[in-house]
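Heads up: the structure comes next, in structure tokens.
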Amino acid sequence: MPMGHTATPQERTGGLTATEHKLANGLRVVLSEDRLTPVAAVCLWYDVGSRHEVPGRTGLAHLFEHLMFQGSAQVKGNGHFELVQGAGGSLNGTTSFERTNYFETMPAHQVELALWLEADRMGTLLTALDEESMENQRDVVKNERRQRYDNVPYGTAFERLVAKIYPEGHPYHHTPIGSMADLDAASLEDAREFFRTYYAPGNAVLAVVGDIDSAQTLAWIEKYFGSIPPHDGKQPPRDGALDGIIGTELRETLHEDVPSRALMAAYRLPQDGTRAADAADLALTALGGGESSRLHNRLVRRDRTAVAASFGMMRLAGAPSLGWLDVKTSGDAGVPEIEAAVEEELTRFAQEGPTPEEMERAQAQLEREWLDRLATVGGRADELCKYAVLFGDPQLALTAVRRILEITPEEVREVAAAWLRRDNRGVLVYEPTTAAAEADHDDSEGAHR
């Protein structure tokens, strides 16, 4: 087994270490021993997400996440769930713009089972993929879309705003859920070709974290994954780069059956992996990250025009990141009043930057979130996979907080001034329909809860 071996010095990572290895078929492996508790996590990231899809076949990456739980050569039907849960473990999978991941957290003595299960479906899923499983999971995904997007208040807001700030034809223009029409159009052969292209060892990173013996774990990985043949048919994703800011505000007002008025906006922000992205994360945390943030204090506590106000960042490595502003109004407050207050706070922040207290609080909040992720074996495995897939270096996961703490208040102010502008955002204004507003009013005067 040809392997390299690197580890970041412990004094720079809070005592956490990770070693890197590579199988002959291209599978990258990251191991991190942690004997604190007798559990271990197995996390497998495939470098495929909705940005790899082509027009007319959106939603395939997410559909395939579901198909991966439909059985393989030696694991029939729902067997993957049954075996992991029967062994005392937990599992799931998720899809994003930039990756698809699968993960199990197991009692330490059951790590071999999780590795065998992941290898079996990586190597043999096509033997079990048929029209019946395709139709079954197509219906599951369509129902998920109805429940999470189409039939809930504000459910399509994210999808609408993404389509505004990433233009038509851009690889991030559509969200991972895909469209109903494209889900209906996907054929069994589309799914098989998708698997052959993207579910190959050389397009994946496997991280195992926890109470493990590295030598034994590597031996199991070689035993189960080493014989899976390589495949190099993947084309690079379409370029997601965009020139700076949008240049205009893209605005839409929706009259829908929602419980209250709302102001939502999406801003383009710097790509992940840069100091500017770290500064933007700190800016949005200071402005809208929790109940001590500037916007919450202004809109919810002081003005009492909103019941909730948040501002968060979705980091993206292959395109400009996304800043997400979400304000729900209180009582009869109008969106123009709230929007004016938001603009006043953003303008002041861009001119003056964060106060020392805001800067300290934002850095502490992001540091705590980073520590929370790395404190669990599953969270650490996921972070190691993330940095290996998106940035080519899993060791960056262990030093991410240091980079956050190095950002200066002036950098935070500059990124806010450059990006948090009216001409760099898509905006949705929600106005309740008359029937919805009356129903909400009647309910508020009914039984106390």
Side-chain angles (χ1 to χ4, degrees), residues 3-22 28-37 40-45 47 96 98-99 101 103 204-212 214 217 269-286 289 312-321 354 358-412 414-415:
M3 296 179 182
H5 183 110
T6 60
T8 300
Q10 292 191 36
E11 66 271 12
R12 294 163 56 193
T13 64
L16 302 177
T17 62
T19 59
E20 305 168 49
H21 316 270
K22 191 172 186 178
R28 289 175 288 169
V29 178
V30 185
L31 304 179
S32 180
E33 293 189 20
D34 182 349
R35 304 303 178 91
L36 188 62
T37 55
V42 173
C43 183
L44 188 60
W45 270 45
D47 186 10
S96 77
E98 300 183 324
R99 59 98 184 103
N101 66 344
F103 44 93
V205 171
L206 172 66
V208 187
V209 175
D211 188 8
I212 61 172
S214 291
T217 302
L269 295 174
Q271 286 183 225
D272 198 8
T274 63
R275 285 184 68 94
D278 290 338
D281 207 349
L282 286 165
L284 269 58
T285 301
M313 179 176 178
M314 184 176 73
R315 289 173 174 256
L316 295 170
S321 299
E358 286 176 327
M359 188 70 181
E360 181 179 6
R361 189 184 304 117
Q363 288 179 317
Q365 185 170 330
L366 293 183
E367 181 178 22
R368 177 187 56 78
E369 292 172 1
W370 176 81
L371 290 171
D372 285 346
R373 289 194 296 273
L374 267 63
T376 66
V377 293
R380 196 181 317 160
D382 194 60
E383 289 293 299
L384 291 168
C385 282
K386 168 189 169 180
Y387 282 93
V389 169
L390 299 181
F391 302 105
D393 183 4
Q395 308 296 340
L396 292 171
L398 306 180
T399 57
V401 74
R402 188 186 70 211
R403 294 187 292 277
I404 288 287
L405 298 178
E406 290 173 350
I407 299 299
T408 67
E410 179 58 18
E411 288 177 286
V412 175
E414 288 175 352
V415 81

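- Between Arg402 and Asp278, none of the side-chain N atoms (NZ, or NE/NH1/NH2) sits under 4.0 Å from a carboxylate O, so this pair counts as no salt bridge.
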Please test Thr399 against Arg403 for side chain to side chain contact (heavy atoms under 4.5 Å, CB included), starting from the C-alpha separation and ending with a verdict. CA-CA 7 Å; Thr399 57; Arg403 294 187 292 277; 2.8 Å; yes

Hey, mind stepping through Met313 and Arg315 against side chain to side chain contact (heavy atoms under 4.5 Å, CB included) and telling me if it holds? CA-CA 6 Å; Met313 179 176 178; Arg315 289 173 174 256; 3.9 Å; yes

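- The number of heavy atoms from other shown groups lying within 6.0 Å of CD (Glu406) is above 12.
- Rounding to the nearest 0.5 Å places CG of Asp211 at 8.0 Å from CG of Asp34.
- From Leu44, atom CG reaches atom CZ of Arg99 across 11.5 Å, with rounding to the nearest 0.5 Å.
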Should Trp45 and Lys386 be marked as a side chain to side chain contact (heavy atoms under 4.5 Å, CB included) after you check the CA-CA gap, both sets of side-chain angles, and the distance that decides it? CA-CA 8 Å; Trp45 270 45; Lys386 168 189 169 180; 3.4 Å; yes

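- In this structure, CG in Leu366 is found 12.5 Å from CZ in Arg361, a value given to the nearest 0.5 Å.
- To the nearest 0.5 Å, atom CZ of residue Arg35 and atom CD1 of residue Ile212 are 7.5 Å apart.
- Here Glu367 contributes atom CD and Ile404 contributes atom CD1; the two are 10.0 Å apart, rounded to the nearest 0.5 Å.
- Of the possible donor and acceptor atoms, none in the side chain of Glu20 sits under 3.5 Å from a partner among the backbone N and O of Pro394.
- Annotation: side chain of Leu398 is not in contact with side chain of Tyr387 (no heavy-atom distance under 4.5 Å).
- In plain terms, the two heavy atoms of Ala381 and Ala207 that are nearest each other are O-CB, 3.6 Å.
- His21 NE2 to Leu206 CG: the interatomic distance, rounded to the nearest 0.5 Å, is 10.5 Å.
- Within the 3.5 Å criterion, the main-chain N or O of Ala18 finds a donor-acceptor partner in the side chain of Gln395.
- Looking at Gln271, its side chain does come within 3.5 Å of a backbone N or O of Ala317 through a donor-acceptor pair.
- Proximity of Pro270 to Val415: side-chain heavy atoms (C-beta onward) are separated by under 4.5 Å at one or more points.
- Contact of the Ser32 side chain with the Leu384 side chain is registered, since non-hydrogen atoms from C-beta on lie closer than 4.5 Å.
- Annotation: side chain of Thr17 is not in contact with side chain of Glu33 (no heavy-atom distance under 4.5 Å).
- With sequence neighbours excluded, the residues forming a side-chain hydrogen bond (donor to acceptor under 3.5 Å, both in side chains) with Thr408 are Glu411, listed by chain and number.
- Looking only at distances, no side-chain donor or acceptor of Glu98 sits under 3.5 Å from a matching main-chain atom of Leu390.
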Is there a side chain to side chain contact (heavy atoms under 4.5 Å, CB included) between Glu358 and Val412? Walk through the geometry before answering. CA-CA 11 Å; Glu358 286 176 327; Val412 175; over 6 Å; no

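- At least one side-chain heavy atom of Leu284 sits less than 4.5 Å from a side-chain heavy atom of Leu269.
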Let me have the donor-acceptor pairs involving side chains of residues 371-379, under 3.5 Å, with sequence neighbours excluded, atom names and distances please.
residue	atom	partner	partner atom	Å
Asp372	OD2	Arg368	NH1	3.2
Arg373	NE	Glu383	OE2	3.4
Thr376	OG1	Gly379	N	2.9

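- In this view, Ser96 satisfies the side-chain hydrogen bond (donor to acceptor under 3.5 Å, both in side chains) rule with no residue, not counting sequence neighbours.
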